[in-house]
Amino acid sequence: MAGCGVRALRWGHEAAPLAAVAARISANDADPERLIWLESNLASLRSAGVALTLSTRSAEGLLAEAFLAGQTFDFIDLDAFGSPGALLQPALKTLAFGGILFLASTDGRSPTGHDRPGAVRHLGASARVHPASWELALRQQLGLIAREAWMLGFGLEPLCSFSEGRTFRIAVRLRKRPCPGEEAQLGMLARCSTCGAQQHQTLLKMRQWSSCNCLESEAHLAIHGPLWLGPLQDSDFLADLAGFSISLAPKTHHLLRRLQEDAADLPMVWSTAELAQRLRLAGPPPLAALVKALRCRGHRAAVSGVMASQVRTDAGLPELLQVCRDLDEEGFK
Ligand SMILES: C[S@@+](CC[C@H](N)C(=O)[O-])C[C@H]1O[C@@H](n2cnc3c(N)ncnc32)[C@H](O)[C@@H]1O
Ligand SMILES: [Zn+2]
């Protein structure tokens, strides 16, 4: 899925020189008309000493052939159009243990609940509309990667996950086997579409959902999953990335900083605009003050690195609303 080759070019010039061993890069796109562009755009990699193989196979064919030949890759970048689910097993089977899969999906409609039959087909999951839609789309995608990896006996470690609303990108490290308790990271999340209360459960301990603050006749739970409940980022990995002396665009620096400040290890995220609307406040509470106030009350809280103006916390909705109300009365100090 190399397209014009720009990603292979960057991996070759920016990442390969940092590798301990001489890099070999295989750039492939199923469209044969791309070959001429790959040849010319990646010519400088050859001059830089990178062993380059170009091909115009289907990714499935390329990966299957590598698997049969016993070849593994340390890094696979699948920059797919649409849903990449069908390529997960072939990619995971040819990824070295400790290797990294960097996966893109441009299918935003299925995991954000705008195409529910699509979510069942592409993710084997229930996806519903939610204010933290990008967060849940990434968690749906990670849930699928986890299930595919576990089926092969492997484990996974999410390294970073992000989106700008159109493309959902995830980097995961493959482990030879799951960590003890890794299965507890897969579960379901429920949100009452009347009052907005959220809760989650692991698949291992699924039981009845708790009541929210609505009257029984008014409560309406929209259930998402199975999805990944665990961390979306690995802060050590992000710190390493930020420490490399490669030139990054200011937007990329900003993204790395946002992700570093949010381990994203709690699945419940709230839009501050929604909280303000529920309280009929003039505007949303400032994120930094909200996070500070929640932490002062003994909660875990962080500014979401995934979507703007959202807070991640283990506080329940009634307390979250109370903190917002208090901040408003104090003049949002
Ligand atoms: C999102 S584009 C990649 C863009 C590329 N990163 C770039 O910067 O030009 C997806 C690419 O995947 C290719 N493609 C689609 N299905 C494929 C498949 N099954 N195997 C290999 N390549 C495929 C398309 O030809 C297209 O170039
Ligand atoms: Zn409710």
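In listed order, ligands and their atoms are each counted from 1.
Atom 10 (C) of ligand 1 has its nearest heavy-atom neighbour, among Leu63, Asp31, Leu38, Asp79, in Asp79. Distances from atom 26 (C) of ligand 1 to the heavy atoms of Val6, Asp29, Leu87, Leu9 show the closest one on Asp29.
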Worksheet item: Step by step, would you call Ser110 with His122 a side-chain hydrogen bond (donor to acceptor under 3.5 Å, both in side chains)?
Response: CA-CA 7 Å; Ser110 312; His122 299 140; 3.3 Å; yes
Worksheet item: Yes or no on ring-ring contact (aromatic ring centres under 6.0 Å, His included) for Phe97 and Phe154, after CA distance, side-chain angles and deciding distance?
Response: CA-CA 9 Å; Phe97 295 129; Phe154 308 147; 5.2 Å; yes
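Of all protein heavy atoms, the one closest to atom 2 (S) of ligand 1 is Phe81 CZ, 3.5 Å. Among protein heavy atoms, atom 17 (C) of ligand 1 sits closest to Met1 CE, 3.6 Å. Of the protein's non-hydrogen atoms, the one nearest atom 20 (N) of ligand 1 is Ala59 N, 2.8 Å. Among protein heavy atoms, atom 22 (N) of ligand 1 sits closest to Ala30 N, 3.1 Å.
In this structure, a donor-acceptor pair under 3.5 Å is present between the side chains of Ser193 and His220.
Angle SG(Cys212) to the Zn ion (ligand 2) to SG(Cys192): 110° [nearest 10 degrees].
In this structure, Glu14 places its CD atom where more than 12 heavy-atom neighbours from other residues, nucleotides or ligands lie under 6.0 Å away.
Residue Ala104 does not touch ligand 1, judged by heavy-atom distances below 4.0 Å. The part of Arg7 lying near ligand 1 is the side chain, judged by heavy-atom distances below 4.0 Å.
Residue contact check for ligand 1: Gly61 places no non-hydrogen atom closer than 4.0 Å to it.
In terms of polar-atom proximity, defined here as any N/O pair under 3.5 Å, Ala80 makes no such contact with ligand 1. Taking distance alone, with nitrogen or oxygen atoms compared against 3.5 Å, Glu60 approaches ligand 1 more closely than that limit.
Val311 and Val269 fall into different hydrophobic clusters, where Ile, Leu, Val, Met, Phe, Trp and Tyr residues are linked whenever their side-chain heavy atoms come under 4.5 Å apart, directly or through other members. Taken together through direct or relayed side-chain contacts under 4.5 Å among Ile, Leu, Val, Met, Phe, Trp and Tyr, Leu156 and Phe237 form parts of separate hydrophobic clusters. Both Leu159 and Leu238 belong to a common hydrophobic cluster when Ile, Leu, Val, Met, Phe, Trp and Tyr are linked at side-chain heavy-atom distances under 4.5 angstrom. By the rule that hydrophobic residues join a cluster once side-chain heavy atoms approach within less than 4.5 Å of another member, Met307 and Phe162 end up as members of separate clusters.
Seen from the ring of Phe73, Arg24 does not count as a face-on cation partner, given the 6.0 Å and 45° thresholds.
Listed by number with element, the atoms of ligand 1 under 4.0 angstrom from any heavy atom of Arg34 are 27 (O).
The Zn ion (ligand 2) has an N, O or S atom of Cys195 closer than 2.8 Å.
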